[in-house]
Amino acid sequence: FENTDTEDLKSLVVRYGIDELKGKLNERLESHKKTPVNIAVTGMSGSGKSSLINRMRGFKPKDRKMSIYAKVGVTETTTDRRSYEFPDNKLIKIWDLPGAETERFPINKYAKVMKFEEYDAFVILTKDRFYQTDVKVAKAVKETNKPFFFARTKTDSTMEEAAADESEMFNPKETEDLIKQNCLERLDDKNQDVFLLAKTNSITIKAGARTETVEFPDNDRLKEQIINSLESIQRTALIFNMTCASKKLIEMKVEELSRRINWLACASAAGGAIPIPGMSALIEIPLLVGEAMFQRKQLQIDDDDMKRNAAKVDVEGKVTFIANVKGKLRGSALVFFTSAASLSGIIVSQVVATEAVESSIKIIPVIGQVLGSVAGAAIAGSMSYHTLHKMLDAHREIAETSLDVIIEEAKMNFN
C-alpha cells in the first residue's frame, strides 16, 4: 500500500468507474491474503530449527498437539524438507531444511535438492558457532540473491551456564560479546550480524549473591529484519501474520494498517452506504467496523486476546490486567477500550462527531481529487478517513499499554 497515491486511485476510477471501484479497492485490501511467502530455516542437527519455526508462528510448547506444530527433538527429526504454515494463512510457510554436508545431502547438491529458488529468505542456525558447512550454505544462498540471516540459538542456556561459572564476576554484555565472537570465527565477514536467540525474551538468573535479568531482543529483531527484507505485498502479508511481541512489531503493524486507510476511505465513499439520522453524508459503517475488528486482531487487543493476556498474568483470585490497562488510557484510547459488542455504537458516535470537520476534504487530496466530483462521496470519504485514523491511534495506544502491563505484572508476579 506504499503506492497509495492520487494518480493510482484516479486510474482505478477511470478504468472501472465508480460502480466497480469499491470491488477493486477491496481486492487491493485483501491481496495480502493471496500472497505466498516462503522462509527457509537450515542448520545442523540439534541447532533448534523446530523451536524457532514454532516461535516465529506464535506457538508455545502447550500447542505441541496441534498438527502444524513442528516436532522438537534432541536428535535430527528432519529427514526431508518440510513446510509449516502460519495458522491464519496457509500461503505463508516456514520450511525446515535438513542439515547440509551429509551423506544424503552433500553440499554440492544441497541448493538444488532443497530448491533454494523457491524461498524468499533464509535463516542459517547454529547452537554454538558457525562451521565451514554454514559458510558454504551461505555462499549458495548468495548466488540466489535472496536475503539470509545467521542466528545462534540457546543463548539463554549459555547465559545461565556463564552465570553459574562466573558467579559475581558474571557480565551479560561481556558474555554476549564472547558468544558473537565465537560465532564469527569461521565467517568470511567479521561484521556479519548474528542474532542471539533464546526460548523467551528475558530470563532472571542468579549470579552469586545477586539476581540478574538478561533480555534477548534478537528474538523480535530477527522477525523484524526478515519482514524488512521482503518487498511490497509480501512484507505486508508476513507482518499481518506475525504476533505482536514487541513495540517495534506493533509499530510495523500500525504502519501497514495506516497504509490501508486511503483505500478504505475511498471504498467507504464509493460503496453503498447506511444513512445516519441527522447527518449530511452517507457513511458505510459496516466497513469501518470491519476494519476496527481487523486492527484489534492485528494488534492482539480483541476480546479473545485480552482474555488470554489476563489469564496469563493475573494472579489467581486477583483480576488486575484489564483494570490496569484501562487505568493508564486517556482520550480516544479509553473510548475505544470496549468489547466487540459495543464497537459499532462507539464508531457511529465518533463518525457523528467527525461531521464537524467536513471542510477537511480540502486537506485530503487523495479523496477530494479522486471522488470530489461525486455528490457527497468526498465528504463521506473524508469523514471515514478521520475516523479510521482516530481508531488506529487509539488501538495502538491500547496495544502498547497492554504490552507494558503484561511486562510489569509478570515482573511483580515473579518477585
Side-chain angles (χ1 to χ4, degrees), residues 2 35-53 55-57 70 76-86 89 91-153 179-197 218 221-239 241-242:
E2 59 268 30
T35 301
V37 179
N38 292 281
I39 301 166
V41 179
T42 183
M44 298 173 67
S45 174
S47 59
K49 291 176 291 181
S50 296
S51 295
L52 175 62
I53 288 169
R55 288 198 304 274
M56 286 189 66
R57 295 178 302 146
E76 178 65 76
T77 56
T78 308
T79 56
D80 292 290
R81 72 172 194 148
R82 179 178 175 181
S83 65
Y84 293 91
E85 62 199 37
F86 276 69
N89 190 335
L91 293 179
I92 302 182
K93 301 173 182 177
I94 303 183
W95 291 79
D96 186 350
L97 307 187
E101 200 80 296
T102 63
E103 183 177 346
R104 188 175 181 190
F105 302 113
I107 192 65
N108 62 328
K109 296 181 179 179
Y110 190 70
K112 182 177 181 180
V113 174
M114 293 296 120
K115 301 183 179 180
F116 273 22
E117 73 279 0
E118 295 184 1
Y119 310 119
D120 302 299
F122 295 77
V123 179
I124 303 173
L125 284 188
T126 184
K127 63 180 178 180
D128 40 43
R129 63 186 65 193
F130 293 102
Y131 297 92
Q132 197 59 38
T133 297
D134 302 307
V135 175
K136 291 178 181 178
V137 170
K139 183 178 180 180
V141 173
K142 282 182 179 180
E143 293 176 358
T144 70
N145 292 317
K146 304 287 181 68
F148 66 93
F149 307 89
F150 285 105
R152 198 267 199 192
T153 60
I179 293 171
K180 286 191 175 182
Q181 181 181 327
N182 289 339
C183 287
L184 291 169
E185 277 183 358
R186 289 182 174 83
L187 299 185
D188 295 333
D189 183 1
K190 302 305 180 185
N191 295 316
Q192 174 73 47
D193 195 2
V194 176
F195 297 82
L196 303 185
L197 309 181
D218 282 1
R221 196 168 68 88
L222 176 60
K223 295 178 185 178
E224 295 159 12
Q225 291 301 312
I226 292 173
I227 290 170
N228 288 331
S229 74
L230 301 176
E231 296 183 1
S232 189
I233 195 63
Q234 281 191 315
R235 183 179 187 275
T236 302
L238 188 56
I239 286 176
N241 281 273
M242 285 287 191

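As the structure is a prediction and not an experimental result, all values here were calculated from the model.
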Exercise. Check whether any side-chain N or O of Arg57 sits under 3.5 Å from a backbone N or O of Glu85 as a donor-acceptor pair, and report yes or no.
Key: yes
Quiz prompt | Closest non-hydrogen atom pair, Asp96 against Ser50 | solution = OD2-OG, 3.6 Å
Exercise. List for me each residue that meets salt bridge (Lys or Arg N to Asp or Glu O under 4.0 Å) alongside Arg235, sequence neighbours excluded, and say none if there are none.
Key: Glu256
Quiz item: Quick check: does any side chain N or O of Ser51 sit under 3.5 Å from a backbone N or O of Gly48, one acting as donor and the other as acceptor?
Solution: no
Quiz item: What distance separates Tyr131 OH from Glu185 CD, expressed to the nearest 0.5 Å?
Solution: 9.5 Å
Quiz item: Do Phe116 and Lys146 pass the side-chain contact (heavy atoms from CB on, under 4.5 Å) test, and can you show the C-alpha distance, the side-chain angles, and the key distance before you say yes or no?
Solution: CA-CA 9 Å; Phe116 273 22; Lys146 304 287 181 68; over 6 Å; no
Quiz item: What do the steps show when you test Arg55 against Leu222 for side-chain contact (heavy atoms from CB on, under 4.5 Å), and what is the final call?
Solution: CA-CA 12 Å; Arg55 288 198 304 274; Leu222 176 60; over 6 Å; no
Quiz prompt | Minimum heavy-atom distance between Phe105 and Met114, given as atom pair plus value | solution = CE2-CE, 3.5 Å
Exercise. Might you point out which heavy atoms bring Ala237 and Val37 nearest each other, and give the distance in Å?
Key: CB-CG2, 4.3 Å
Quiz item: Side-chain contact, heavy-atom cut-off 4.5 Å: Asp80 with Arg104?
Solution: yes
Quiz item: Is it true that a side-chain atom of Lys49 and a backbone atom of Gly43 form a donor plus acceptor pair closer than 3.5 Å?
Solution: yes
Quiz item: Is a side-chain donor or acceptor of Thr153 paired with a backbone partner of Thr126 at a separation under 3.5 angstrom?
Solution: yes
Quiz item: Can you name the closest pair of heavy atoms from Phe86 and Lys93 and give their distance?
Solution: CD1-N, 4.4 Å
Self-check item: Sequence neighbours excluded, every pair satisfying side chain to side chain donor-acceptor pair (under 3.5 Å) that has a member inside residues 115-125
Solution: Arg81-Glu118, Arg81-Tyr119, Asp120-Gln234
Quiz item: Could you give the distance from CZ (Arg152) to CG (Asp218), rounded to the nearest 0.5 Å?
Solution: 12.0 Å
Quiz item: Roughly how far, to the nearest 0.5 Å, is CG of Asp134 from OG1 of Thr42?
Solution: 8.0 Å
Practice problem: Hey, could you give me the OG1/OH distance between Thr102 and Tyr110, rounded to the nearest 0.5 Å? | Solution: 8.5 Å
Quiz item: Between Leu238 and Ile227, which heavy-atom pair has the shortest distance, and what is it?
Solution: CD2-CG1, 3.8 Å
Quiz prompt | Interatomic spacing from CG in Leu187 to CG in Leu184 - rounded to 0.5 Å | solution = 5.5 Å
Self-check item: Nearest-0.5 Å distance that lies between atom CD in Glu224 and atom CD1 in Ile226
Solution: 10.5 Å
Practice problem: Mind listing the closest non-hydrogen atom pair of Ala70 and Ile53 along with its distance? | Solution: CB-CG2, 4.2 Å
Quiz item: Would you say Phe195 and Val123 make side-chain contact, with heavy atoms under 4.5 Å?
Solution: no
Practice problem: Output yes when a side-chain donor or acceptor of Asn182 lies under 3.5 Å from a complementary backbone atom of Ile179, and no otherwise. | Solution: no
